[in-house]
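Here the structure is laid out as structure tokens; the discussion comes afterwards.
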Protein chains: 2
Amino acid sequence: MKEKFFALPKQKQNAIINAGYRVFSQNSYKKSPMSEIAGEAGISKSLLFHYFHNKQELYLFLWDNCAKLTIKYLTEYKCYEQTDLFEMMYRGMKAKMRIMNQYPNMGSFVIKAFYERDPEISLAIQNSYKSYKAFKSDNILASIDTTQFAEGIDVKMMYREMTLASEGYLWEMQRKGAVDVEKMEKDFTEMLNFWKKLYLRKEGEK
Amino acid sequence: MKEKFFALPKQKQNAIINAGYRVFSQNSYKKSPMSEIAGEAGISKSLLFHYFHNKQELYLFLWDNCAKLTIKYLTEYKCYEQTDLFEMMYRGMKAKMRIMNQYPNMGSFVIKAFYERDPEISLAIQNSYKSYKAFKSDNILASIDTTQFAEGIDVKMMYREMTLASEGYLWEMQRKGAVDVEKMEKDFTEMLNFWKKLYLRKEGEK
DNA sequence: ATAATACTTGACCGATTTGGTCAACGGAGG
DNA sequence: CCTCCGTTGACCAAATCGGTCAAGTATTAT
């Protein structure tokens, strides 16, 4: 029955998808009512069941959509092809913001889904997560040019620090609700500049 | 009826409290079943109702407990009486870890409670939050000695950066479940040292 | 040993919610 | 007029929820 869903105008599709992410990210799988999703998407429950056989199918579709989109945008923004660490982080952030803008609750959904214990879905989640993880290289720092940093900098700590702060920032924004991409872009650029000034080898230095 | 609860051995009290934090932090107020809390605490639902008249009373008790504990430990660790920024952050982290160790899900509970919209409780939440916020001074940096930092450092950015990274770290730990205080203490000390090396005025400098 | 007291529970109730179905409505096109 | 097709409200059986209560089981007092 899912062809019916794909035949919908993109806007309506996204309304449904976002309603799903919102509800599933705030309640456990079992306690997320289809009626609430339908209502939030502006359609009747019956119609929702017309697009997806049952709750499980909707949930797993949403889950698949996460992996697909993430991979798509990370690739599109070429953030794993960079040798400049700051450029890589900037592109990664751009990709994440791009997704957050379209699907504000996808991030929370992913985390909740990962820890979902309901036997009806947990197996599928865990399996498909493996294939996603295979995409991300485990040692991101390997391809980075480390000669650009000032002497005496613990590169690993620096990277970890920046990652944590970025995540903390994203989380703070998400929590506050309204995702304002422009502000986020500005804030993050500011942070990047702060880091560059701090970590980059000064001009004229050795 | 709450005297009955306080008469319990501390261990049993904490089992109930933690069960409450866990369930309420993972579901909305309305969809958090008393039966699940009771079961997780290792007592029967009837007994839970023997300690707390109804769900609302339990919920608001848990909420109150958050504010009380937070204020208690922040005061006890004297983290707002410091002039050294790193010492202040260290003490703040210690206080938070102290709480996380005893009530691993309190943090998530607070956030969820703050955004709870159920009319049965949201009013009480918002009101009591105001009194808590009055405790935290709004300009933490005011009492900090800024002469200790290297020249050219944007102190505000630096502080924001450190705060975000700390929060990101705490969140990561929380998400991974098992809260290992020793490891957290070690990790955070490492981060602090990294920051000190980075931000503190070098010896002999002006 | 017995009675009074406190602790704890399973069974139960009425109200509500849930996933899912289905007959029917309404509009577009032939 | 008929026939699709997107859409819906009404409906159902099953499950769940907050809360109660009588009864069971320790514990203590006498």
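The chains referred to below are lettered A, B, ... by the order of the sequence lines, with proteins before strands, and numbering in each begins at 1.
- Between the side chains of B:Q13 and B:Y51, no donor-acceptor pair of N or O atoms lies under 3.5 Å.
- Partners of B:F24 under the ring-ring contact (aromatic ring centres under 6.0 Å, His included) rule, at least two apart in sequence or in another chain, are B:Y59.
- A salt bridge links B:K94 with B:E185; the closest basic N to acidic carboxylate O contact falls under 4.0 Å.
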> What string of B, S and - do you get for nucleotides 23-30 of chain C, 5' to 3', when a contact is any protein heavy atom under 4.0 Å?
Replying inline: --------
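- A:Y21 and A:N65 are linked by a side-chain donor-acceptor pair at a separation below 3.5 angstrom, with hydrogens and angles left out of the test.
- Under the ring-ring contact (aromatic ring centres under 6.0 Å, His included) criterion, the residue pairs touching residues 152-193 of chain B are A:W171-B:W171, with sequence neighbours excluded.
- With sequence neighbours left out, the ring-ring contact (aromatic ring centres under 6.0 Å, His included) criterion links B:Y115 to no other residue.
- Here the C1' atom of nucleotide C:dT8 and the CZ atom of B:F5 are 16 Å apart, to the nearest Å.
- Residue pairs satisfying the salt bridge (Lys or Arg N to Asp or Glu O under 4.0 Å) criterion with at least one member in residues 14-30 of chain A, sequence neighbours excluded, are listed as follows: A:R22-A:E36, A:R22-A:E40.
- Between B:E161 and A:W195, the side chains place a donor N or O and an acceptor N or O closer than 3.5 Å (distance only, hydrogens not considered).
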> Just by protein heavy atoms under 4.0 Å, how would nucleotides 7-19 of chain D read 5' to 3' in B, S and -?
Replying inline: BBB------SSBB
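- Computed from coordinates, the B:N27 CG to C:dT18 P distance equals 13 Å when rounded to whole Å.
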